K.L.:
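Let me begin by handing over the structure; questions about it come next.
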Amino acid sequence: MEMAKAYSPAENEKRIYKFWEDNGYFKPIIKKGEKPFTIIMPPPNANDNLHIGHARFVFVEDILTRYWRMKGRPTLWVPGADHAGIETQYVFEKKLAKEGKSRFDYDRDTLYQMIWDYVVDNRNNMENQLRALGASCDWSRGKYTLDPAIVKVVYRTFNKLFKDDLIYRGERVVNYCVRCGTAFSQLEVDYKEQDDKLYYLDYGTVTIATTRPETIFADVAVAVNPKDKKLGSLVGKIATIPLIGREVPIIADELVEIGFGTGALKVTPAHDATDYEIGQKHNLPLISIISKEGKMQNVPEEYVGLRPKAARELTIKRLEEAKLLTKTEDLHHSVGKCYRCNTVIEPLLEDQWFIKVEKLAESALSAIENKQTTFNARKFEKTAMHWLTNLRDWNISRQIVWGIRIPAWHCAGCNKWTITAGEVPPTCTHCGSSKLTQDKDTFDTWFSSGQWPFAALEVNSKEDFDYFYPTTVMETAADILPFWVIRMMMLGIYETGETPFENVVLHGLVRDKQGLKISKSKGNVIDPVEMVDKYGSDALRMSLVWGALIENDVAVSEENIKGQKHFANKVWNAARFVLMNLEDYKIVSRETIEKELTQADKDILIKYESTLKVVTKAIEGYKLSIAAESVYSFFWHDFCDIYIENAKTRIQDNDKSKVAAQHTLDYVLRNSLRMLHPFMPFLTETIWEELKEEKPLIISLWPK
RNA sequence: GGGCGCCUAGCUCAGUUGGUUAGAGCAUCUCGUUUACACCGAGAGGGUCAGAGGUUCGAAUCCUCUGGCGCCCACCA
């Protein structure tokens, strides 16, 4: 077959992918007693197209997978799709809003089904995009975070945690968005700087400063720092809440910052996280004055039903009238806003499920200390350890519909909770009453996705779990290290007794040519699917791996991708040249032409050996940019520019060393294609077809 | 306030445990219409390695300080 003059990705990629997939090359060949290489893909959101960041991690994982497959190791890469909880519900709600609807127009089950259908369509789309990128993952083992079997595992874990007394229901100050009607974890709150007023109020014995005078009705104490020279002597005395005249104690607590305002803090445990902590320490009561609808309650008549903002204005007015407002000053500070709708977050008391994290965190920490789990960069290990030593109890309740509903039933008879492993309990386990209502909340997605590595394997089969767990590599975005990676470690160790992955490989962001963050508003979005259509998947892959270590951010531009397409074409043409010059050549062994080898032959063979060593070592150390650059430089500059030019004349002149040249061309080409395959799988497999090898390149062995 | 990083050629980045004249891609400039490839080839210019001090026979690399930049977390009421 005549090779075309230029390589056409469009004509080959789909065909090649289908060939691989249809022949089952992505499925591992299990060899008992041999240590497999396993990656569980961080499941992309099933609610949108893949973006350029997805492409980078897919390529990184695919390179590792293809490399180890070629090393002959049983290799499994499990794909997945994530329901993505609030993320998806938010996207869907925006879609509803465009149609003039809101989620409150539907009952819970209808809404759930609507989102489900929406996600199913997008999931197919997302998976086909993964195929276009060339992902050599085992589709037969693909999982979705809401697969019934996965959900069952999540229930089981919750139930086990509960039985082990690691789950409790606690009234806590949570970050509540009265507009979304949900509490958020601290991670979901955006702190934004803004200008406010700081009001100084007369509490009799002491003056306090606050930005939220409307919460004085919920005050239960005034606190000062015990080390405060000016105010320390007040401890033990009484302060009087203005307007209502209630007397509260003055207490000492180190959380109070000396020098802020007057140095005295009004303590409002029901509406501020710090105050809650102080309140717990000092056994103070809780007075809740803001409802979940964001309205005032348990306050003097004229304030009842007001929004906090209106209540604040009225309070200030009354304080001024009573001459209890001594001073007002400007304050620039940060305020928690809902990360979805930008509404000011109200710290409110709410019953939530919590996980006691201390023991779980300790086990994860020791797995890191004992090197059972290692990181591709020291900085990530430091970050993980820092988080694990500073974690607070984990609130896993979310007030959204789209997610896994918590298997907990509240009894109207005895007011206690019945927890199951998913099945509906006929009666309350405490009092036998049948007046049970299921908690309306769903799990925090990190709780379910924190179980992903073992869950995705065990729901496939027990054999899979036994063989492939613990996994070899967890490759994901560096920014979700604290949210996801350490939680997988905690829950994985808890459920299985083993760390879920041996190596954590984290990657940085994809940025634009200038190193700026990519965003729709900046207009610098690079669509991976469009790039694949234009330049080929291999070119996109090289451009995303090239130029920066994977743990760092990488800058890409269309010119980079175009440049790598040129390289693909270079490889294609080099192969074309070699094949044209091998028409009268029959493969001979090195020994038979040993004496005919010229210096040029020896040079390129030595260079090839050293490149192979560098590339191999770099891949195994996750230095993929080094590996890609080495093989690129070798192939283009050493092989094409120098060696082929040398061999060209010897063959054309029918030199006595012609066969040695042909042998060397053939040898270096074949082995270079192997070395290049993880980085340019479609191109190399397409060329490989011309070489009439027994086995396709994808399952050929990595050169030794 | 706490944590983690970064500053190397015009741009984006490499530089492993300190060891010759500090590298790559892109960009720039000069030359070349060579039948594998113009999606090409030959060659060139370009860096006080942020600054200062220290350790050392030797520092981009280790230590201290200063300056600038970034990300993450946080209980500034």
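Chain identifiers are assigned alphabetically (A, B, ...) following the order of the sequence lines, protein sequences preceding nucleic acid strands; residue numbering begins at 1 within each chain. Owing to the predicted nature of the structure, the values given are computational and were not obtained by experimental measurement.
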K.L.:
I'd like to know if the side chain of Asn12(A) pairs up with that of Glu685(A) as donor and acceptor (distance under 3.5 Å, no hydrogens or angles considered).
P.N.:
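There is no such pair between these side chains.
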
K.L.:
What I want to find out is whether Lys534(A) reaches Glu558(A) closely enough, with some N-O distance under 4.0 Å, to be called a salt bridge.
P.N.:
yes

K.L.:
Assign Lys382(A) to base, sugar-phosphate, or nothing according to its heavy-atom contacts below 4.0 angstrom with the strands shown.
P.N.:
sugar-phosphate

K.L.:
Mind listing the closest non-hydrogen atom pair of Arg511(A) and Leu516(A) along with its distance?
P.N.:
CB-O, 3.3 Å

K.L.:
If you assign each of Asp641(A) and Gly263(A) to its closest nucleotide in RNA chain B, which residue comes earlier from the 5' end?
P.N.:
Asp641(A)

K.L.:
Say we look at U66(B) and G23(B): how far apart would their C1' atoms be, to the nearest angstrom?
P.N.:
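Roughly 29 Å separates the two C1' atoms.
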
K.L.:
Rounded to the nearest angstrom, tell me the gap between atom CG in Asp479(A) and atom C1' in C73(B).
P.N.:
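Atom CG in Asp479(A) sits about 13 Å away from atom C1' in C73(B).
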
K.L.:
Need one value for Val256(A): base, sugar-phosphate or nothing, where a base atom within 4.0 Å counts as base even if backbone is also close, heavy atoms only.
P.N.:
base

K.L.:
Indicate, yes or no, whether a donor-acceptor pair under 3.5 Å links the base of A42(B) to the side chain of Glu645(A).
P.N.:
no

K.L.:
Quantified in whole Å, what is the P atom distance between nucleotide U17(B) and nucleotide A60(B)?
P.N.:
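To the nearest whole Å, 16 Å.
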
K.L.:
For C72(B), take OP1 and OP2 only and decide whether either is under 4.0 Å from a side-chain N or O of Trp387(A).
P.N.:
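Looking at the OP1 and OP2 atoms of C72(B), neither is under 4.0 Å from any side-chain N or O of Trp387(A).
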
K.L.:
Hey, which of these two, Asp553(A) or Thr274(A), hits RNA chain B nearer its 5' end, going by closest nucleotide?
P.N.:
Asp553(A)

K.L.:
Tell which nucleotide pairs with U12(B), taking only Watson-Crick or G-U wobble pairs whose two distances are both under 3.5 angstrom.
P.N.:
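A24(B) is the nucleotide pairing with U12(B).
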
K.L.:
Leu549(A) CG to U8(B) P: how many Å, rounded?
P.N.:
16 Å

K.L.:
Does Trp572(A) reach the main-chain N or O of Ala4(A) with its side chain, forming a donor-acceptor pair under 3.5 Å?
P.N.:
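Answer holds: yes.
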
K.L.:
Could you tell me which nucleotide pairs with U64(B) by Watson-Crick or G-U wobble geometry, both distances under 3.5 Å, or answer none if nothing does?
P.N.:
A52(B)

K.L.:
Classify Trp572(A) by what it touches in the nucleic acid, base, sugar-phosphate, or nothing, heavy-atom distance under 4.0 Å.
P.N.:
nothing

K.L.:
Taking only distance into account, with no hydrogens and no angle test, what donor-acceptor pairs under 3.5 Å do side-chain atoms of residues 632-643 of chain A form with protein atoms, sequence neighbours excluded?
P.N.:
{"residue": "His637(A)", "atom": "ND1", "partner": "Asp641(A)", "partner atom": "OD2", "Å": "3.0"}
{"residue": "Tyr643(A)", "atom": "OH", "partner": "Asp601(A)", "partner atom": "OD1", "Å": "2.4"}

K.L.:
What does G47(B) pair with, Watson-Crick or G-U, if both distances are under 3.5 Å?
P.N.:
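The base-pairing partner of G47(B), which may sit in any strand shown, does not exist here.
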
K.L.:
Does a side-chain N or O of Asn569(A) approach OP1 or OP2 of A38(B) to a distance below 4.0 Å, or not?
P.N.:
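Checking Asn569(A) against A38(B): no side-chain N or O falls below 4.0 Å of OP1 or OP2.
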
K.L.:
Applying the side chain to side chain contact (heavy atoms under 4.5 Å, CB included) test to Pro242(A), which of Asp219(A), Leu324(A), Thr315(A) qualifies?
P.N.:
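Testing Pro242(A) for a side chain to side chain contact (heavy atoms under 4.5 Å, CB included) against Asp219(A), Leu324(A), Thr315(A) leaves exactly one candidate, Leu324(A).
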
K.L.:
Sticking with atom C1', work out how far A9(B) lies from A14(B), rounded to a whole angstrom.
P.N.:
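Between the two C1' atoms, the distance is 13 Å.
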
K.L.:
Work out how far the P atom of U8(B) is from that of C49(B), and round it to whole angstrom.
P.N.:
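My reading of the P atoms in U8(B) and C49(B) gives 11 Å.
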
K.L.:
Side chains of Lys230(A) and Thr262(A): is there a donor and an acceptor less than 3.5 Å apart?
P.N.:
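Looking only at side-chain atoms, Thr262(A) and Lys230(A) do not form any donor-acceptor pair under 3.5 Å.
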
K.L.:
On a plain distance test, is the side chain of Lys570(A) in donor-acceptor contact with the base of C39(B) below 3.5 Å?
P.N.:
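It does not, because no donor-acceptor pair links the side chain of Lys570(A) to the base of C39(B) below 3.5 Å.
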
K.L.:
Round to the nearest Å and state the distance from Phe380(A) atom CZ to C72(B) atom C1'.
P.N.:
12 Å

K.L.:
Using the C1' atom in both, what is the distance from A27(B) to G19(B), to the nearest Å?
P.N.:
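Roughly 33 Å separates the two C1' atoms.
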
K.L.:
What integer distance in Å separates Arg511(A):CZ from G70(B):P?
P.N.:
11 Å

K.L.:
With sequence neighbours left out, what residues match Asp653(A) under side chain to side chain contact (heavy atoms under 4.5 Å, CB included)?
P.N.:
Thr649(A)

K.L.:
Quick one: label Asn552(A) by what it contacts on the DNA or RNA (base, sugar-phosphate, nothing), any heavy atom closer than 4.0 Å.
P.N.:
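Sugar-phosphate: the residue Asn552(A), judged by heavy atoms under 4.0 Å, touches backbone atoms but no base.
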
K.L.:
Find the distance Ile626(A):CD1 to U16(B):C1' and express it as a whole number of Å.
P.N.:
9 Å

K.L.:
Taking the same atom, P, in G3(B) and in U61(B), what whole-Å distance lies between them?
P.N.:
24 Å

K.L.:
For A36(B) and Lys5(A) - does any side-chain N or O of the residue sit under 4.0 Å from the phosphate oxygens OP1/OP2?
P.N.:
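No.
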
K.L.:
For A36(B), take OP1 and OP2 only and decide whether either is under 4.0 Å from a side-chain N or O of Lys648(A).
P.N.:
yes

K.L.:
Could you state the CD1-P distance from Ile345(A) to C75(B), rounded to the nearest angstrom?
P.N.:
12 Å

K.L.:
Can you tell me the base-pairing partner of A38(B)? Count Watson-Crick or G-U wobble geometry only, both distances below 3.5 Å, and say none if there is no partner.
P.N.:
none

K.L.:
Mind checking the P distance from A59(B) to A22(B)? Whole angstroms is fine.
P.N.:
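Comparing P positions in A59(B) and A22(B) gives a spacing of 13 Å.
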
K.L.:
Would you say a side-chain N or O of His566(A) is under 4.0 Å from OP1 or OP2 of C40(B)?
P.N.:
yes

K.L.:
G25(B), OP1 or OP2 - any side-chain N/O from His637(A) closer than 4.0 Å?
P.N.:
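For G25(B), OP1 or OP2 has a side-chain N or O of His637(A) closer than 4.0 Å.
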
K.L.:
To the nearest Å, how far apart are Ile644(A) CD1 and A42(B) P?
P.N.:
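Rounded to the whole Å, the gap is 12 Å.
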
K.L.:
Please state how far atom CG in Asn225(A) lies from atom P in C76(B), giving the value in whole angstrom units.
P.N.:
15 Å

K.L.:
For nucleotides G45(B) and A52(B), find the distance between their C1' atoms and express it as a whole number of Å.
P.N.:
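The answer is 32 Å between these two C1' atoms.
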
